[in-house]
Structures are given as structure tokens and as C-alpha cells.
Amino acid sequence: MAKMWRGIIEQYRDYLPVTSATPVVSLCEGNTPLVPARQLSAELGPQYEVFLKYEGLNPTGSFKDRGMTMAVSKAVEDGATAIMCASTGNTSASAAAYAASAGLECIVIIPQGNIALGKMAQALMHGAKVFAVDGNFDDALRIVREITNNYPITLVNSVNPFRLDGQKSGAYEICDALGDAPDFHFIPVGNAGNITAYWRGYVEYHKHGKAARRPRMMGFQAAGAAPIVRKQVVPKPETIATAIRIGNPASWKFAEDARDDSNGMIDMVTDAEIIEAYQFLARREGVFCEPASAASVAGLIKLMKSGFFKHEAPAPGSKVRIVCVLTGHGLKDPDNAIKHSAEVISVPASADAVLEHVALARR
Ligand SMILES: *Cc1c(COP(=O)(O)O)cnc(C)c1O
């Protein structure tokens, strides 16, 4: 039997609001690997298993594709000819690609000067009309809402409910891969759509008997953009992790529900902690994600250091399973990658010149 992966709508059709009349617009998103994190697991101890849900391996390099296949398919079903979004980068990259595939016009509004280079390249390359506004993400979203309320353009930010429906598929895949939900689910929190979607996914899978339990949802904001943790809107959010540089999350209330219903937490990590996790993942685990994605692992490391897991003994014969979502690919943000790595060493074109810089024994 042919086993070609055809994207999350075909894979999870029974769990999604689609019918045979829905024209499926897919780039074969989803089916991303759950990579065992050897070093993190070793540091936690033999009773723990850490996995990285590597969402950077989606077609446009972030989890946004899971939601976009749904939002764009439903927009086409609805007769739309154009879509629009505000974006810290990845939503626009995804919207532009899916719009291209569906033959729709795509308009994106980004905050001036705060978009990672790779994301900008994607939106432009896929033919979107890109506007940079003199404001932050929250300003951009306000403008998009105003325009889409008054003109026949479909809004594809995560306030579009189909986006969250599609993003639930991440939770389904994790349960399918592990045979059950993990004990803990670590995730970066920006506009808070993804933590909402994952929790809904876990709850639904549990309800359908596809998972025996539900994880504790562990969300992490950047300290300079942590409205949920601080319990107030942050008017000028600041963080190196531009994908979570959001001061007034659209799904704020839903994220609090996910935290409370799952006996989880929403905490924050500093930019220094984010960069440390970003480097650790690349250098020790071999997995390259963008800075915002590393917030999940920064949160895990923060809790490890505080002794949080000492109180989390597994059931006899089993292990405590921890999944960290790595939301986007490291190549999205080459500037930060280079800035936080060692410098290239320039040498004359000889073996001796190279060997001066490496400690090797001659064979
Ligand atoms: C969008 C995004 C986030 C934040 O997700 P929310 O649903 O807005 O909380 C985190 N990381 C990356 C890479 C993203 O693109």
C-alpha cells in the first residue's frame, strides 16, 4: 500500500472541520520528527526522557504551516481571492507560500526592522505584498483586523479559528509517536495560539481514547515580552526572540486556561537564557532552531537548575517523558546564528596554517 504523507488535513481529517467539499491546499506539512535529546536527557538522569519536536522541518520552516494549510483551504472553500496577516515573520512566510500554492493574493504587515532575514526572504520570494509599519506586532495586527473587517480579504493570523484547528495536529503526532501524551509539554509563548492549540489537541485525543493521559503545559515567554507572567500588557516588548516579541497576546485567556486545566505553568526566560539554550541545542544536540524556539528548552533548563524535577518521580518501570517544541528552523535567522557563534578563522592557503589552529596528533 502506498504510504505517501499528504499533510495534516488528510492524516487527521476526522479531527478537523473539513468535508469532501473542502479543497485541500497542502505542502505536505507535519510529520516532523520527535528527536531524542541525548544530552538533556543525560543531564536530567536515567528516569527522564527528553524529546525535541522539530517543527523547523515543516515546508516553510515553522509550525505555522500546520495552521496555514487549514486556514488557506477554508479560505478557498469560502471563495476568497486574497489573504492577509500581521507577522513577526513566520506567519507571513507560511501565508505567502500557501497563497502561492492556492493562487491567492497575499498581503503581509510586519513591524519595521524586527523580522529575521530568512523570513523576509521567504515572504518576498513567494510573491507576497509586504508592508513594514513603524510599530510593533500588536500595531500590525490592529491594522490587519481593521482592513479584513471592512474588505473581502481573509485574515489568517491565529485569531482565525482554523489556524488553531490545524495546529492541534502537533499534539496528535506526538501522541502517535510516543503511544501516549508526554508528562510535560514545553513550548514558547508569543501570541499564545500554539499553546492553546496543543492543549486542545491533547484534550481531544484523550477524549477519543487515543491517549491515556494529558500533559502538563509548560509555556515560556521572553522576560522582555511576558505579559501573561506579569499579568499586564507590555506596550514595548523587547527580546532577541522576535517570533515571541508580543506584548498583548490574542489567545491570552486560552493560554491561561491551558495552564490551569493542565496543572502547568507559564513562566519567563531571559534573553541570556534563550541564547544559552539556542547554543546548547545546536552544539550539543545537533539541532538548529531559531532563538524563539529555544525558549522552550531554556524553560526546561531553568526548571532543571531549580530542582523542579526532583519532585517528579516516574511510575515504577517507566520514565518521565518531556517534549520540547522547537517551533522554527535556525536558518530563519542567520544574523543571530552568526552573532552567537565563534568567528570564521582566516588563514593562508596551506595545511600548516590550518593546523596551527587545531590540536591534532599526527598519525
Ligand atoms: C509564531 C511563533 C511562536 C509563537 O507562537 P504563538 O502561537 O504566537 O504563541 C514561537 N516560535 C516561532 C518560531 C514562531 O514562529
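Nearest heavy-atom pair across G7 and S26 is CA-OG, 3.8 Å. Shown here for A192 and P249, the closest heavy-atom pair between the two residues is CB-CB, 4.1 Å. In terms of heavy-atom proximity, P215 sits nearest to A181 at CD-CB, 3.9 Å. T60 and A97 get closest at one heavy-atom pair: CG2-CB, 3.5 Å. Closest of all the heavy-atom pairs between P237 and G247 is CG-N, 3.7 Å. Residues A75 and I83 approach most closely at CB-CG2, 4.4 Å, considering heavy atoms.
In this structure, the side chains of T91 and N191 stay at 4.5 Å or more apart for every pair of heavy atoms. The shortest side-chain heavy-atom distance between I147 and L155 does not fall under the 4.5 Å cut-off. Side-chain contact between P227 and Q221: present, with at least one pair of heavy atoms (C-beta onward) separated by less than 4.5 Å. The closest side-chain heavy-atom distance from L52 to V297 is below 4.5 Å. Under the 4.5 Å side-chain criterion, counting only non-hydrogen atoms from C-beta, N90 is in contact with E290. E238 is listed as a side-chain neighbour of R245, based on a closest heavy-atom distance under 4.5 Å. Taking 4.5 Å as the limit, some side-chain heavy atom of L27 sits within range of a side-chain heavy atom of S101. Side-chain contact between E77 and F162 is absent, with no heavy-atom pair separated by less than 4.5 Å.
Side chain of R163 to backbone of V156: a donor-acceptor contact under 3.5 angstrom is found. Under the 3.5 Å distance criterion, the side-chain polar atoms of E29 are matched with a main-chain donor or acceptor of I8. One N or O on the side chain of K53 and one on the backbone of T32 form a donor-acceptor pair closer than 3.5 Å. Without hydrogens or angle criteria, D78 side chain to K74 main chain gives no donor-acceptor distance under 3.5 Å. Using modelled atom types, one side-chain atom of D271 and one backbone atom of I240 make a donor-acceptor pair closer than 3.5 Å. Under a 3.5 Å cut-off, the side chain of T242 and the backbone N or O of I115 do not form any donor-acceptor pair. Under the 3.5 Å distance criterion, the side-chain polar atoms of S341 are matched with a main-chain donor or acceptor of A337. Counting only distance, with no hydrogens or angles, the side chain of S296 and the backbone of S293 share a donor-acceptor pair below 3.5 Å. A donor-acceptor contact shorter than 3.5 Å is absent between the side chain of D333 and the backbone of A116. Looking at T69, its side chain does come within 3.5 Å of a backbone N or O of V25 through a donor-acceptor pair.
Partners of H340 under the ring-ring contact (aromatic ring centres under 6.0 Å, His included) rule, at least two apart in sequence or in another chain, do not exist in this structure. Listed by chain and residue number, A211, A212, R213 satisfy the side chain to side chain contact (heavy atoms under 4.5 Å, CB included) test with D180 (two or more places apart in sequence, or in another chain). Applying the side chain to side chain contact (heavy atoms under 4.5 Å, CB included) criterion to D176, with sequence neighbours excluded, gives Y12, Y205. Legend: residues meeting ring-ring contact (aromatic ring centres under 6.0 Å, His included) with F220, ordered by chain and number and at least two apart, are F186. For V347, the side chain to side chain contact (heavy atoms under 4.5 Å, CB included) partners are I345, A353, V354, H357, not counting sequence neighbours. Listed by chain and residue number, K253 satisfy the salt bridge (charged side-chain N to carboxylate O under 4.0 Å, His left out) test with D257 (two or more places apart in sequence, or in another chain). Every residue meeting the salt bridge (charged side-chain N to carboxylate O under 4.0 Å, His left out) condition with K168, not counting sequence neighbours, appears here in chain and number order: D165, E204. Under the rule for a side chain to side chain contact (heavy atoms under 4.5 Å, CB included), the partners of F131 that lie at least two apart in sequence or sit in another chain are I107, I109, K129.
Put simply, OG1 on T88 and CD1 on I110 are 10.0 Å apart, with the number rounded to the nearest 0.5 Å. Going from atom OG1 of T327 over to atom CG of N58 covers 10.5 Å, rounded to the nearest 0.5 Å. For the atom pair CD1 of I246 and CG of L141, the computed distance is 8.5 Å after rounding to the nearest 0.5 Å. One finds the CG atom of L16 at 6.0 Å from the OH atom of Y172 (value rounded to the nearest 0.5 Å). Note that CZ of R214 and CG of D183 are 14.0 Å apart. Values are rounded to the nearest 0.5 Å. Rounded to the nearest 0.5 angstrom, M120 CE and L117 CG are separated by 8.0 Å.
Linking ILVMFWY residues whenever their side-chain heavy atoms come closer than 4.5 Å, directly or via other members, leaves L331 and I338 in distinct clusters. V133 and V130 are not part of a single hydrophobic cluster, where members link through side-chain heavy atoms under 4.5 Å apart. If you chain together hydrophobic residues whose side chains sit under 4.5 Å apart, I9 and W5 fall into the same group. Note on M84: it does not cluster hydrophobically with L124, by side-chain heavy-atom contacts below 4.5 Å among ILVMFWY residues. Follow the hydrophobic side-chain contacts under 4.5 Å out from L40 and you reach V35 in the same cluster.
Through side-chain heavy atoms spaced under 4.5 Å, either directly or across other Ile, Leu, Val, Met, Phe, Trp or Tyr residues, V229 is tied to L34, F51, I174, L178, I187, V189, I195, Y198, W199, Y202, V203, M217, I228, V233, W252, I266, M268, V323, V325. When hydrophobic residues (I, L, V, M, F, W, Y) are linked wherever their side-chain heavy atoms come within less than 4.5 Å, F63 remains an isolated member.
Applying the salt bridge (Lys or Arg N to Asp or Glu O under 4.0 Å) test to every pair with at least one member in residues 313-332, sequence neighbours left out, gives these pairs: E49-R321. Sequence neighbours left out, not one pair with a member in residues 91-123 passes ring-ring contact (aromatic ring centres under 6.0 Å, His included).
Electrostatic pairing of E273 and K305 does not count as a salt bridge here, judged by no charged N lying under 4.0 Å from a carboxylate O.
Side-chain N/O atoms of N194 and Q167 include a donor and acceptor closer than 3.5 Å.
The environment of R13 atom CZ is dense: over 12 non-hydrogen atoms of other residues, nucleotides or ligands sit within 6.0 angstrom. Within 6.0 Å of the CZ atom in F309, the count of heavy atoms belonging to other residues, nucleotides or ligands exceeds 12. The local environment of CZ in R216 is crowded, with over 12 non-hydrogen atoms from other residues, nucleotides or ligands closer than 6.0 Å. Heavy-atom contacts from other residues, nucleotides or ligands closer than 6.0 Å to CZ of R6 number 12 or fewer. Surrounding CG of D335 are more than 12 heavy atoms belonging to other residues, nucleotides or ligands, all under 6.0 Å away.
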- side chain to side chain contact (heavy atoms under 4.5 Å, CB included) between F184 and L303, worked out: CA-CA 12 Å; F184 293 93; L303 293 192; over 6 Å; no

- Show your working on side chain to side chain contact (heavy atoms under 4.5 Å, CB included) between F308 and M265 and close with a plain yes or no. CA-CA 12 Å; F308 176 89; M265 69 164 73; 3.7 Å; yes

